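Structure record follows, encoded as structure tokens.
Only heavy atoms go into these numbers, but all of them, side chains included; no hydrogens, no water, no symmetry mates. These numbers were taken from a predicted model, which means no experiment stands behind them.
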Amino acid sequence: MARMAPPFLHHDTATIRRRRRLSNTWSLFVIGWSIIRTLIVWAAVGDYGLNPWLYLVLDLVSATIDAFSTPRMVIRFVDDQYRKALQWGLVSLAAFVMPDIYIFAGTRTLPRKLIAIIVAVITVTLLAAVIAVLRKVRKGRELQRSLQAD
């Protein structure tokens with residue numbers, strides 16, 4: 001039996017405007033964090049061969065991709081479009097970890113203590129991102145249900 005595609009969802013102007021505003025806010029936050037993170041990474045591992053300019057470019061490109069993909073993932077989850085949400089989620093995850101991979105690939109040898117700290121920071125930020133996405137999806141679904149009830 002062939003599966004039918006979910007119906008195209010039409011949203012009111014206020015919903016579209018709110019989603020665009022939240023997406024733009026997220027973009028500014030992600031790109032701003034990218035610049036701050038570059039300064040922190042440069043200070044922490046700059047003496048181990050990391051090229052801070054290359055890291056900044058990589059982080060800004062990744063942040064731009066993340067700024068574009070994460071809101072789309074959240075919106076697709078809110079709209080119950082799980083396959084599309086997972087596709088955007090994979091893009092977002094790849095963009096999220098790419099700068100961190102460069103830290104390990106772009107440095108000579110890091111002390112074990114520094115590796116442990118970097119892995120802990122990556123784990124905490126990834127966990128915080130997952131929690132933030134889950135909260136946004138729940139909040140979006142609650143708002144959507146309340147609008148449908150009216």
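- No donor-acceptor pair under 3.5 Å is formed between the side chain of Asp79 and the backbone N or O of Gln81.
- One hydrophobic cluster, built from ILVMFWY side chains closer than 4.5 Å, holds both Phe77 and Phe68.
- Using a 4.5 Å heavy-atom cutoff, the side chains of Val121 and Asp100 are not in contact.
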One pair to check against side-chain contact (heavy atoms from CB on, under 4.5 Å): Trp88 and Ile75. What are the steps and the verdict? CA-CA 10 Å; Trp88 283 115; Ile75 289 168; over 6 Å; no
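- With a 4.5 Å cut-off on side-chain heavy atoms, Arg19 and Pro71 do not count as touching.
- Both Val137 and Leu86 belong to a single network of hydrophobic side chains, linked directly or stepwise wherever heavy atoms of I, L, V, M, F, W or Y lie under 4.5 Å apart.
- Residue Arg76 holds its CZ atom at 10.0 Å from CD of Gln87, rounded to the nearest 0.5 Å.
- A heavy-atom distance below 4.5 Å is not found between the side chains of Leu28 and Asn24.
- No chain of hydrophobic side-chain contacts below 4.5 Å, direct or via other Ile, Leu, Val, Met, Phe, Trp or Tyr residues, connects Val30 to Phe96.
- No continuous path of ILVMFWY side-chain contacts below 4.5 Å connects Phe29 to Val74, so the two sit in separate hydrophobic clusters.
- Using a 4.5 Å heavy-atom cutoff, the side chains of Arg37 and Leu56 are not in contact.
- For Thr38 (side chain) and Ser34 (main-chain N/O), a donor-acceptor pair under 3.5 Å exists by modelled atom type.
- In this structure Arg141 satisfies the side-chain hydrogen bond (donor to acceptor under 3.5 Å, both in side chains) test together with Asp80, Tyr82, sequence neighbours excluded.
- A 6.0 Å sphere centred on CZ of Arg135 holds no more than 12 heavy atoms belonging to other residues, nucleotides or ligands.
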Leu143 vs Arg18, test: side-chain contact (heavy atoms from CB on, under 4.5 Å). Steps then yes/no. CA-CA 11 Å; Leu143 183 60; Arg18 186 182 73 260; 2.9 Å; yes
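- Its side chain within the 4.5 Å cluster rule, Tyr48 clusters with Val41, Val45, Leu50, Leu54, Tyr55, Leu58, Met98, Tyr102, Ile103, Phe104, Leu110, Leu114, Ile115, Ile118, Val119, Ile122 among the Ile, Leu, Val, Met, Phe, Trp and Tyr residues.
- Following chains of ILVMFWY side-chain contacts shorter than 4.5 Å, one can reach Ile35 starting from Trp53, so the two form part of one hydrophobic cluster.
- Proximity of a side-chain donor or acceptor of Thr70 to a complementary backbone N or O of Ala67 within less than 3.5 Å is not detected.
- Here the shortest heavy-atom pairing between Ala85 and Met73 reads O-CG, 3.3 Å.
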